[in-house]
Amino acid sequence: MTQPSPSAGPTSRPLSLITGASDDIGRELARLMAARGHDLALAARSRDRLESLADDIAATGRPRPLVLVADLADPAAIENLVAGVEAAGAHVEILVNNAGYGLIGPARTLDRRNQLGVADLNIRALTDLTLRLLPGIVAARGRILHVASIGSFLPGPYMAVYYASKAYVLSFGEALSKELESSGVTVTTLCPGPTVTGFQARAGMSAGTMSKMPSMSARAVAEAGYAGMMAGRRVVVPGWRNKLVSILAPLTPRGLLLGAVARMQESRKG
Ligand SMILES: NC(=O)c1ccc[n+]([C@@H]2O[C@H](COP(=O)([O-])OP(=O)(O)OC[C@H]3O[C@@H](n4cnc5c(N)ncnc54)[C@H](OP(=O)(O)O)[C@@H]3O)[C@@H](O)[C@H]2O)c1
């Protein structure tokens, strides 16, 4: 990871860009990557939380991360974000596409714009950032980490757009990992199961949802994702229960899976 990107100057600063770094899984990835010596760029909508995380990291003696405030569901914001990296005299050698959200409820009654926002962030922004930054990542022989979900392996009644978006992320990530096999770039797709974060509240799940099911901490998920990325693994499913689901789901009749997921999501509705 020493060659600069095609657009990078000889003194360009190599960065690891983490989207959705202001909270939970993304913030934990930022903390542990900074501790492992990566120089970071942090992206999300909440400036105050990004600045405070950047201050915390700088206080540990690491270089202060570049803060990029962006609503990634807005296509214009992606262009500005990439321009912001270049304007800072930097280039991206590791891309962590972590920002994402879901919505619980029937697709026919959930707000249409909000559901399209899930596709804009989880699919469009992730794809756009990856494609824009790929030439530089290839030149740097860098790495990509996509945060998908255990839902990538399942159809998701009552979270239909979310599960479909995460199936896309897994499919896209695996395909890219094959295409980039001989380039020195690794693409890892992390598929967490239930994780205690702000995700459930934004999705509209009931407050007690996480106490009803086995879940992991954002830190444990971030550690598994980081280790898998550095080992160049194609897919990482953290936690033995989630691994079991990822192995059994493709072997289970689709009708049974649909019924099981529908029942689970109905019990989570707020
Ligand atoms: N928690 C789970 O149970 C679980 C399970 C499987 C997969 N995942 C996946 O893990 C990833 C991280 O989620 P999390 O659980 O850590 O959720 P979270 O606590 O809600 O964090 C989501 C992050 O994404 C950022 N974000 C949201 N909308 C954005 C936008 N329009 N533009 C830019 N940034 C945006 C948020 O920052 P701002 O609000 O500051 O923009 C925040 O930093 C997501 O892709 C999620 O789908 C989560």
Side-chain angles (χ1 to χ4, degrees), residues 17-31 40-54 65 67-78 80-81 84 96-104 113-114 116-126 128-129 145-154 156 159 161-170 172-173 189-205 209-222 224-226 235-239 241-242 245-246 264-265 268:
L17 168 62
I18 304 173
T19 70
S22 62
D23 240 327
D24 298 313
I25 296 174
R27 186 175 51 202
E28 292 304 325
L29 277 164
R31 286 197 172 126
L40 303 180
L42 310 174
R45 294 168 302 175
S46 312
R47 177 180 294 281
D48 52 345
R49 280 186 284 159
L50 291 178
E51 297 286 2
S52 137
L53 176 60
V67 167
L68 300 159
V69 178
D71 179 350
L72 297 171
D74 170 6
I78 312 265
N80 293 339
L81 184 145
V96 180
N97 273 311
N98 164 73
Y101 77 102
L103 294 170
I104 194 159
R113 279 171 202 262
N114 214 359
L116 286 175
V118 173
D120 285 339
L121 183 63
N122 299 9
I123 298 178
R124 194 185 192 292
L126 173 142
D128 195 359
L129 261 183
L145 176 65
H146 288 149
V147 182
S149 165
I150 193 66
S152 303
F153 299 95
L154 303 162
M159 283 194 91
V161 177
Y162 177 73
Y163 276 57
S165 74
K166 294 300 188 179
Y168 171 91
V169 175
L170 176 60
F172 178 57
T189 306
L190 171 65
C191 300
T195 309
V196 189
T197 70
F199 174 88
Q200 289 76 25
R202 188 170 183 199
M205 293 179 187
T209 295
M210 295 310 272
S211 59
K212 287 189 221 149
M213 64 182 65
S215 57
M216 291 178 71
S217 69
R219 181 73 188 185
V221 168
Y226 177 74
V235 180
V236 175
V237 182
R241 287 186 185 83
N242 301 322
V245 171
S246 73
M264 180 182 73
Q265 299 303 1
R268 289 165 145 191

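Side-chain atoms are counted along with the backbone in the values below, which use heavy atoms only and exclude waters and symmetry mates. As the structure lists them, so they are numbered: ligands from 1, and atoms in each ligand from 1. Residue numbers count from 1 along this sequence.
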Per-residue contact class, L121 against ligand 1 - non-hydrogen pairs under 4.0 Å: side chain
Pick from S149, G193, A21: the one approaching atom 5 (C) of ligand 1 most closely through a non-hydrogen atom: G193
Closest to atom 11 (C) of ligand 1 among N98, V118, I25 (heavy-atom distance): N98
Nearest non-hydrogen protein atom, atom 43 (O) of ligand 1: S22 OG, 2.8 Å
S46, portion touching ligand 1 at heavy-atom distance under 4.0 Å: both
Candidate pair D23 and R27, rule salt bridge (Lys or Arg N to Asp or Glu O under 4.0 Å), full reasoning: CA-CA 5 Å; D23 240 327; R27 186 175 51 202; 3.5 Å; yes
Under 3.5 Å donor-acceptor, S22 side chain and R49 backbone: no
Trace of the side chain to side chain contact (heavy atoms under 4.5 Å, CB included) decision for R219 with R31: CA-CA 9 Å; R219 181 73 188 185; R31 286 197 172 126; 4.1 Å; yes
Region of R202 that comes within reach of ligand 1 [heavy atoms, distance under 4.0 Å]: side chain
Step-by-step side chain to side chain contact (heavy atoms under 4.5 Å, CB included) determination, Q200 to T197: CA-CA 7 Å; Q200 289 76 25; T197 70; 3.8 Å; yes
K166 heavy atom under 4.0 Å from ligand 1: yes
Pair M264-M159, side chain to side chain contact (heavy atoms under 4.5 Å, CB included): steps then yes or no: CA-CA 11 Å; M264 180 182 73; M159 283 194 91; over 6 Å; no
Which segment of V196 sits under 4.0 Å of ligand 1 when only heavy atoms are counted: neither
Check: Q265/Y162 side-chain N/O donor and acceptor closer than 3.5 Å: no
Point-to-point distance, once rounded to the nearest 0.5 Å, from CZ of R113 to CG of D120: 11.5 Å
Close N or O approach (P192, ligand 1; < 3.5 Å): no
A70 and ligand 1 - part of the residue with a heavy-atom distance under 4.0 Å: backbone
Close-contact set for ligand 1 against P194 heavy atoms, below 4.0 Å: 3 (O)
Aromatic ring pairing H146/F172, orientation class (parallel under 30°, perpendicular over 60°, tilted between): parallel
Nearest neighbour of atom 7 (C) of ligand 1 from the list A99, A148, G100, A43, on a heavy-atom basis: A148
